[in-house]
Amino acid sequence: GHRRIAIVNGQQEMLCSRARLSGYRSALDEAGIPFDSTLVDAGFFHYEDGVVAGTRLLTMADRPTAIFAGNDLQAFGVYEAARLLGLVVPDDISVVGYDDVPSASWMGPGLTTVRQPLIEMAEQATRLVLALRDDPHRKLVRIDLATSLVVRTSTAPPRV
């Protein structure tokens, strides 16, 4: 039911930031929600950037009802911004992160997040490096690994 969904993202020079913004825009389009550039904030993938961006977004006259953060650290910063403003996650603002770092499940409330297969990513990267070491002329291949949504308690329907 959310219609005003913001994104706190990383630097646009980073491929992962561009991919997350593209996915955000695509999801809005599929849901029939027009893109609103005022609901986009970017910085680095740090906690402090989440606090700054969250504060800006949550003090807007027509604030978002949900925020998607480019990583879990930024999401933790959004939690802090909400707390400082007297808002409650998820009653006043739903928050979703990205990465599923171990502390995401320890947060109060537990952070809904997109899990990346980090161990599998490291294994695949190591295999590729070793294969290139053995055959420097080896053709590089693209490997796509699946992500999954881990639903916890940081999201709820928007207040009407």
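Just so you know, these numbers come straight off a predicted model, no measurement behind them.
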Check for me, please, whether [X] and [Y] land in the same ILVMFWY cluster - side-chain distances under 4.5 Å, paths through other members count.
X	Y	value
L57	F35	yes
L84	V78	no
V88	V96	no
V52	Y47	no
L111	V150	no

I want to check something: taking the side chain as every heavy atom from C-beta on, are [X] and [Y] in contact at a cut-off of under 4.5 Å?
X	Y	answer
L128	Q124	no
Y98	C16	no
D49	V8	no

Practice problem: Could you name each residue pair satisfying salt bridge (Lys or Arg N to Asp or Glu O under 4.0 Å) that touches residues 87-102, not counting sequence neighbours? | Solution: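 Found D92-R159, D100-R115, D100-R152.
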| Which value, rounded to the nearest 0.5 Å, describes the distance between F44 atom CZ and S17 atom OG? |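 F44 CZ to S17 OG: 10.5 Å, rounded to 0.5 Å.
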Would the distance check show the side chain of [X] and the main-chain N or O of [Y] forming a donor-acceptor pair, the cut-off being under 3.5 Å?
X	Y	value
Q74	N9	yes
R20	G70	yes
T55	V51	yes
S26	S22	no
S94	T155	no
S154	P90	no

Problem set entry | D134: partners by salt bridge (charged side-chain N to carboxylate O under 4.0 Å, His left out), with sequence neighbours left out |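 Expected list: none.
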Quick one: salt bridge (charged side-chain N to carboxylate O under 4.0 Å, His left out) partners of R127, sequence neighbours excluded?
->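 None.
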Testing the basics here: between [X] and [Y], what is the closest heavy-atom pair and its distance to 0.1 Å?
X	Y	result
P117	A146	CD-O, 3.3 Å
I67	L58	CD1-CD2, 4.1 Å
T113	A104	CG2-CB, 4.5 Å
A156	H2	O-NE2, 2.7 Å
V95	A75	CG1-CB, 3.9 Å
R133	P136	O-CD, 4.2 Å

Legend entry - Fellow cluster residues of M14, listed by chain then number, with links counted only when side-chain atoms sit under 4.5 Å apart: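 Same cluster as M14: F45.
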*When Ile, Leu, Val, Met, Phe, Trp and Tyr are grouped by side-chain heavy atoms lying under 4.5 Å apart, directly or through other members, which residues fall in the same group as L15?*
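None; L15 is a cluster of one.
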- Query: If you draw a 6.0 Å radius around CZ in R18, do more than 12 non-hydrogen atoms from other residues or ligands fall strictly inside?
  - Reply: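 Result for CZ/R18: enclosed.
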* Asked: R63 and L87: side-chain contact (heavy atoms from CB on, under 4.5 Å), yes or no, with the steps?
  -> CA-CA 12 Å; R63 75 172 183 246; L87 301 173; 3.6 Å; yes
Kindly write out the residues that satisfy side-chain contact (heavy atoms from CB on, under 4.5 Å) with [X], not counting sequence neighbours, or none if the list is empty.
X	result
L132	R138, L140
V151	T112, L149
I119	E123
L73	N71, F76

*Which pairs, with at least one residue in residues 101-110 and sequence neighbours excluded, count as a side-chain hydrogen bond (donor to acceptor under 3.5 Å, both in side chains)?*
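Qualifying pairs, neighbours excluded: none.
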query: Who passes side chain to side chain donor-acceptor pair (under 3.5 Å) against E120, sequence neighbours left out?
result: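 Counting only residues at least two positions away or on another chain, E120 forms no side chain to side chain donor-acceptor pair (under 3.5 Å).
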In a table with atom names and distances, give each donor-acceptor pair under 3.5 Å that connects a side chain of residues 36-43 to protein atoms at least two apart or in another chain.
unit_1 : atom_1 : unit_2 : atom_2 : d
D36    : OD1    : T38    : N      : 2.9
D36    : OD1    : T38    : OG1    : 2.6
D36    : OD2    : R4     : NH1    : 3.4
D36    : OD2    : T38    : OG1    : 3.2
D41    : OD2    : R56    : NE     : 2.8

